[in-house]
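Accompanying notes for the structure given below.
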Amino acid sequence: MALDRYARQRLFGWLARGAAALVVAVMLGVVAVTIYRGGRVFLTDPAIAVTPPGSRYMLEGDGGFLHAVLGSIFIVGPATVVSMVLAVSTAIYLQSDYSSERFADAVNMFLNVLWGTPPIVYGVFVLTVIIAVGAQTSLFFGIVAIAIFQYPIMTRYTDEALRSAPETVKEATYGLGATRFETALMTVRAALPGVVAGIVMGFARGIGDAATVLFTAGRSTNMPGGPFEPATTLPVLIFDQAMSFNAEVRSHAYAAAFVLIVAVLALIFASKLLAGRYARFAPGGRHS
């Protein structure tokens with residue numbers, strides 16, 4: 001017997017709530033297991049994240065994984081700065097003051113394709129460049145690969161934030177005789193919560209990526225020695241250590257996963273806090 005529209009509405013509501021509950025349960029399960037397994041390692045050896053690795057680190061787990069922590073910071077930090085400059089500039093140019101709607105739609109389509117491209121493709125692309133120029137995997141090429149990976153994410157966030165900014169901002173600035181560049185600066189300020197959220201989320205995606213760095217920065221077990229020396233990051237370290245036959249080394253993988261997931265969660269909360277703080281700069285935003 002066919003269901004009436006109210007029964008279909010209730011069924012859809014149950015399915016939606018069930019799907020949401022399943023997603024939340026899986027996420028909580030992943031976070032709980034990682035914090036439990038990795039947290040136990042930190043309780044027994046709290047200095048593991050700030051201790052350099054030993055000479056036989058991957059075999060015996062001697063020392064800590066400070067090299068991976070610093071590698072993640074040295075790769076993702078500069079990459080985020082480069083992507084932020086390029087993404088904000090591109091998003092500003094895609095606004096109606098600088099480009100046509102047809103051109104902006106075409107660029108956004110390509111950005112959506114890049115956003116959906118698997119990270120490993122970026123790694124293989126940069127690896128092809130490395131082979132073509134006769135170089136070796138290094139921290140520098142890891143920065144390049146992560147910057148390319150972050151670029152479409154930050155650009156789409158920033159573009160949507162600028163498009164959602166009130167039109168009264170442009171009207172007021174043009175009415176006061178402002179130039180296009182000055183108007184763009186005021187529009188960015190009005191859209192600052194969304195821009196900041198996009199930058200922080202791009203950083204979080206970059207610091208959690210392994211496939212891109214795996215082909216471009218290498219898998220070194222030494223401390224980062226320079227921009228053209230191999231380096232490793234926390235996701236790559238987790239990938240390598242999780243397959244080790246040594247229980248001590250595998251425990252370090254859980255500890256590194258603990259550091260990584262805490263960092264990503266902290267960045268997500270930071271993006272929410274920063275978005276709320278900078279909302280007061282937007283028209284109609286909160287004022288402290």
Side-chain angles (χ1 to χ4, degrees), residues 27 30-31 34 49 65-91 110-127 129-130 137-161 194-220 224 227-240 253 256-275:
M27 183 194 70
V30 171
V31 173
T34 304
F65 50 83
L66 178 62
H67 65 301
V69 175
L70 293 179
S72 293
I73 295 173
F74 292 161
I75 289 177
V76 182
T80 301
V81 174
V82 173
S83 291
M84 176 185 66
V85 174
L86 295 176
V88 173
S89 302
T90 303
F110 284 112
L111 288 173
N112 289 332
V113 172
L114 288 175
W115 192 339
T117 301
I120 195 170
V121 175
Y122 296 102
V124 172
F125 167 74
V126 178
L127 177 62
V129 175
I130 293 173
T137 56
S138 64
L139 190 147
F140 171 77
F141 287 109
I143 293 173
V144 173
I146 291 294
I148 297 173
F149 170 63
Q150 291 175 318
Y151 172 71
I153 300 172
M154 292 188 185
T155 304
R156 293 296 292 127
Y157 265 98
T158 305
D159 181 59
E160 291 298 327
V195 175
V196 170
I199 293 171
V200 175
M201 290 302 296
F203 184 89
R205 288 287 301 276
I207 203 171
D209 179 65
T212 306
V213 180
L214 188 62
F215 290 100
T216 56
R219 304 160 79 165
S220 174
F228 295 102
E229 295 294 328
T232 193
T233 60
L234 285 172
V236 176
L237 182 85
I238 295 168
F239 174 77
D240 287 335
F258 174 83
V259 172
L260 184 60
I261 200 167
V262 168
V264 171
L265 290 175
L267 287 170
I268 293 174
F269 285 124
S271 70
K272 299 296 183 181
L273 292 175
L274 288 173

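If you're wondering where the values come from, they're calculated on a predicted model, not measured in any experiment. Heads up: numbering here begins at 1 and tracks the sequence.
To the nearest 0.5 Å, atoms CZ (F125) and CD1 (I130) are separated by 10.5 Å. Summarising the geometry, atom CD1 belonging to I199 is positioned 6.0 Å from atom OG1 belonging to T158; distances are rounded to the nearest 0.5 Å. To the nearest 0.5 angstrom, F203 atom CZ is 10.5 Å from I146 atom CD1.
With sequence neighbours left out, T80 forms a side chain to side chain donor-acceptor pair (under 3.5 Å) with Q150.
The side-chain heavy atoms of I153 and Y157, taken from C-beta on, include a pair separated by under 4.5 Å. Counting heavy atoms from C-beta outward, Y151 and V82 have side chains that stay 4.5 Å or more apart. Taking the side chain as every heavy atom from C-beta outward, T216 and V144 never approach each other to under 4.5 Å.
The two residues F141 and V126 make their nearest non-hydrogen contact at O-CG1, 3.9 Å. When all heavy atoms of M84 and M154 are compared, the pair lying nearest together is N-SD, 3.7 Å.
Below 30°, between 30° and 60°, or above 60°: for Y122 and F149 the angle between ring planes is above 60°, a perpendicular geometry.
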All N/O donor-acceptor pairs, side-chain side in residues 232-240, below 3.5 Å, sequence neighbours left out:
{"from": "D240", "atom 1": "OD1", "to": "R219", "atom 2": "NE", "distance (Å)": "3.3"}
{"from": "D240", "atom 1": "OD1", "to": "R219", "atom 2": "NH2", "distance (Å)": "2.4"}
{"from": "D240", "atom 1": "OD2", "to": "R219", "atom 2": "NE", "distance (Å)": "3.4"}

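Partner of S72 under the side chain to side chain contact (heavy atoms under 4.5 Å, CB included) criterion, out of V259, I207, D209, L260: I207 alone.
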